[in-house]
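Take a look at the structure below.
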Amino acid sequence: PAEPTMVLRLKFLNDTERLARVHPGDTVGALKRAHFPGQEQQVRLIYQGQLLRDDAQTLAALHLSHNSVLHCHISQHSPAPAPAGPHASADPVHAALNVGSLMLPLFVLMLAVLWYFQLQYRHVFTATATTFLAGLTLLFSFVAFTMYRR
């Protein structure tokens, strides 16, 4: 006899949903391959608050029923492979070189230092330099607030 099919609701972060026809004997990995081809490593499926880590686990073993909701998160970067062996660890040099997250604080610090010098050494700054500094501060403030307002 043919295995019965059931429908799962795949719900994404932006509240969109996609329906998936599956069999209870299908595995989590098969579900990812069927509905997210080429993105299997980036897809995270969550059921009742639990991350489904084991791709070999069947949907029946998870007690999924018809119309169950699986929350889906698709990351933009593929996850790094897990370290193998007891002595493996994350590369601290590579992690320390993430300068992108430091750009905003560094730029704020640079503007603060420039304003300090402008207030302490006014005779060195021309009217044009002060106007440029004020304009740069306003532009940066506008960009920062629009980026981080979300």
Side-chain angles (χ1 to χ4, degrees), residues 1-118 129-150:
E3 195 175 18
T5 62
M6 61 182 180
V7 174
L8 297 179
R9 293 170 38 209
L10 304 177
K11 189 166 185 170
F12 298 89
L13 292 177
N14 61 1
D15 282 339
T16 60
E17 284 190 16
R18 191 186 325 172
L19 298 179
R21 292 197 178 280
V22 295
H23 300 284
D26 290 348
T27 63
V28 173
L31 174 69
K32 288 180 183 179
R33 283 188 297 280
H35 295 279
F36 305 97
Q39 294 180 306
E40 296 92 349
Q41 295 301 316
Q42 288 100 337
V43 173
R44 299 284 177 261
L45 298 176
I46 301 162
Y47 178 62
Q48 292 183 337
Q50 297 296 316
L51 179 63
L52 306 181
R53 297 178 192 270
D54 186 7
D55 282 355
Q57 195 170 27
T58 65
L59 302 178
L62 294 168
H63 306 292
L64 290 170
S65 60
H66 181 72
N67 242 0
S68 291
V69 175
L70 282 176
H71 293 274
C72 304
H73 174 261
I74 302 174
S75 64
Q76 300 303 318
H77 308 288
S78 63
H87 301 293
S89 64
D91 184 7
V93 174
H94 188 71
L97 293 178
N98 185 7
V99 182
S101 62
L102 296 176
M103 290 307 293
L104 179 67
L106 287 174
F107 202 70
V108 168
L109 180 66
M110 185 179 71
L111 278 175
V113 167
L114 284 172
W115 276 110
Y116 172 78
F117 283 128
Q118 198 282 333
T130 303
T131 305
F132 179 74
L133 182 59
L136 188 64
T137 303
L138 285 173
L139 177 68
F140 173 74
S141 300
F142 176 75
V143 170
F145 283 120
T146 55
M147 280 178 52
Y148 291 98
R149 184 174 48 170
R150 295 182 235 166

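Owing to the predicted nature of the structure, the values given are computational and were not obtained by experimental measurement.
Between the OG1 atom in T131 and the CG atom in L136 there is a gap of 12.5 Å [rounded to 0.5 Å]. Taking CG of L106 as the reference point, atom CG of L111 lies at 11.5 Å (rounded to 0.5 Å). For the atom pair NE2 (H23) and CE (M6), the distance works out to 10.0 Å, reported to the nearest 0.5 Å. Considering SG of C72 and NZ of K11, their distance stands at 11.0 Å, rounded to 0.5 Å. The distance from atom CG of L133 to atom CZ of F117, rounded to the nearest 0.5 Å, is 12.5 Å. To the nearest 0.5 Å, atom CZ of residue R53 and atom CZ of residue R44 are 8.5 Å apart.
Q57 places no side-chain N or O within 3.5 Å of a backbone atom of D55 that could act as its donor or acceptor partner.
No side-chain heavy atom of I46 sits under 4.5 Å from any side-chain heavy atom of Q50. Residues T27 and R33 are in side-chain contact: their nearest non-hydrogen atoms beyond the backbone lie under 4.5 Å apart. Taking 4.5 Å as the limit, every side-chain heavy atom of L31 sits out of range of all side-chain heavy atoms of L52. Counting heavy atoms from C-beta on, the side chains of L10 and E17 never come closer than 4.5 Å.
For L8 against S65, the heavy-atom pair with the smallest separation is CD2-O, 3.7 Å. Here the closest non-hydrogen pair linking H63 and Y47 is O-OH, 3.7 Å. When every heavy atom of H66 is checked against every heavy atom of V7, the shortest pair comes out as ND1-N, 3.1 Å. Taking all atoms of both residues into account, the shortest heavy-atom contact from P24 to P4 is CD-O, 3.1 Å. Taking each heavy atom of H35 and V22 in turn, the nearest pair found is NE2-CG1, 4.4 Å. Minimum heavy-atom separation, T137 to W115: OG1-NE1, 2.8 Å.
Around atom CZ of F12, more than 12 heavy atoms belonging to other residues, nucleotides or ligands sit under 6.0 Å away.
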Inset, instruction - Apply side chain to side chain contact (heavy atoms under 4.5 Å, CB included) to L70 and L64, showing your working. - result: CA-CA 9 Å; L70 282 176; L64 290 170; 4.3 Å; yes
